[in-house]
Number of protein chains: 2
Amino acid sequence: MLENASKLTETLLKFTDLGEKSLNLFLESGFKIRKNKGERLITAGEVADCLFFVEKGFIRSYYLREEKDITISFSLKGDFITSMSSFILQQPSYENVEAIEEASLWAIKHKDLMNLFHTDQKLEHIYRLVLEHYYIRIEEELIFSKFKSTKERYLNLLHSRPEIIQKASVGQIASYLDMSIETLSRIRANI
Amino acid sequence: MLENASKLTETLLKFTDLGEKSLNLFLESGFKIRKNKGERLITAGEVADCLFFVEKGFIRSYYLREEKDITISFSLKGDFITSMSSFILQQPSYENVEAIEEASLWAIKHKDLMNLFHTDQKLEHIYRLVLEHYYIRIEEELIFSKFKSTKERYLNLLHSRPEIIQKASVGQIASYLDMSIETLSRIRANI
DNA sequence: AAAATCATTTGACAAAAATCAAAAAAAATC
DNA sequence: GATTTTTTTTGATTTTTGTCAAATGATTTT
């Protein structure tokens, strides 16, 4: 088995029992990669070639709109991350994905992943399950984004994903929660 | 082939060439159903038993928060619709799904869909492709939801999905775009 | 068709959040 | 370790949007 892909193994097995053969085929079709703080996994304008899995570290996706840097998502240990629309359609990405802190990742190229699906049916099955999981997650995010007050949105994030509050900057969190830096700072001042 | 499932056939074949056998197996595992204006496809608190496809009509998903009716999504001819988290996890739905106008639908039960995946690998493949498509769509919605002004959000919807503006009420659109009815009314008054 | 109900518009005002500006604190660089 | 740069906080003000209320318009019911 691929060394240091223990979190990925654990995560996959939570979805379904893949069997050792399929699991190893999957792990070995990808590769390990490290990114330093500030390094990009995906750059806007380029096609997202890889799907990544975070073994360690903290990743942020963002795009630029009218000179402003807007956070789309945060990814922690145990999360898959890529620019989904770019990876799926193999079209240029509108988002950047970068390491906020030094990260250990597992990565698989789009082409290799597609080939796996032909080789081993179980792998398309587990990919489908993972996709469903992320669909539910983004649907929840969409609902939370409609929570009325800025305070409610902040408190919701604080409860549901406290690691993000600890690791990300005020500016990064503010754009993610769709409020100004000053508003977020004031919310935090009054707990 | 199942009568009057022409839009479904067309939609599926846009994703991949299924072959007549797989296509018919899929179509015949579901059933046609009509819903009158106001009738529910899914009720909050109950498990979403079916995945629906809109052959004709207009469908709205919404949930209740603090007495208020908040629109989650609109579905038109050519869309799949269910309460995804409920359907996937087979847990009670937090959302209601109902016909805004009389609708012709194709529906498949969760159990039957899962069985199909065992019978015919191609069907899990196309389901995966459809899921990816909807993932990209919801990701776009999340990004649009962070557009700053109420006017921008309205104009974006007007451009991207004009049928919704025509068919839904001011109140339904306002909650979908996360603004008050009065604000939406004023935006429309100033074009 | 009249009455009743519901949806939409408009106006006045209040509340929430953004913006602008400057100070304080923290982090990065030399 | 001092200086520069960046981030965060705090204050004052403006803008945006929500709320309340009433009027108008549309739809449904009797």
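A, B, ... follow the sequence lines: proteins, then strands. Residue 1 opens every chain.
Using a 4.0 Å heavy-atom criterion, one finds that B:Ser180 contacts the bases of the nucleic acid, with or without backbone contacts as well.
Between the side chains of B:Ser180 and B:Thr183, a donor-acceptor pair is found at a separation under 3.5 Å.
The CD1 atom of A:Ile187 sits 14 Å away from the C1' atom of D:dT8 (whole-angstrom rounding). For the pair B:Lys151 NZ and D:dT17 P, the computed distance is 11 Å after rounding to whole Å. As a whole-Å value, the separation of B:Asp178 CG from C:dA16 P is 16 Å. When rounded to the nearest whole Å, the span between CG of A:Asn190 and C1' of D:dT10 equals 11 Å. For the pair B:Ile173 CD1 and C:dA7 C1', the interatomic distance rounds to 13 Å; values are reported in whole Å. Rounded to an integer number of Å, the gap from B:Tyr154 OH to D:dT17 P is 15 Å. In this structure, the CD1 atom of A:Ile181 is 13 Å from the C1' atom of C:dC20, given to the nearest Å. Distance B:Met179 CE to C:dT8 C1': 16 Å, rounded to the nearest Å.
In this structure, A:Asp49 pairs ionically with A:Lys109, as a charged nitrogen and a carboxylate oxygen lie closer than 4.0 Å. Using a 4.0 Å cut-off between charged nitrogen and carboxylate oxygen, A:Glu140 and A:Arg137 do not count as a salt-bridge pair. The pair B:Glu102-B:Arg34 meets the salt-bridge criterion, with a side-chain N (NZ, NE, NH1 or NH2) lying under 4.0 Å from an Asp/Glu carboxylate O.
Map A:Glu182 and B:Leu184 each onto its nearest nucleotide of DNA chain D; the residue landing nearer the 5' end is A:Glu182.
Taking only side-chain nitrogens and oxygens, A:Thr183 never comes nearer than 4.0 Å to OP1 or OP2 of C:dA17. Distances shorter than 4.0 Å separate none of the side-chain N or O atoms of A:Lys37 from OP1 or OP2 on C:dA27.
Looking at the side chain of A:Ser169, the nearest of the listed nucleotides D:dT8, C:dT10, C:dT19 is D:dT8.
Partner assigned to D:dT30 is C:dA1, using Watson-Crick or G-U wobble distances below 3.5 angstrom. Across the strands present, D:dG11 finds its partner in C:dC20; the criterion is a Watson-Crick or G-U wobble pair with both atom distances under 3.5 angstrom.
Remark: the A:Arg186 side chain and the C:dT19 base include a donor-acceptor N/O pair separated by less than 3.5 Å.
Atom CD of B:Glu139 and atom CD of A:Glu141 lie 9.5 Å apart (nearest 0.5 Å).
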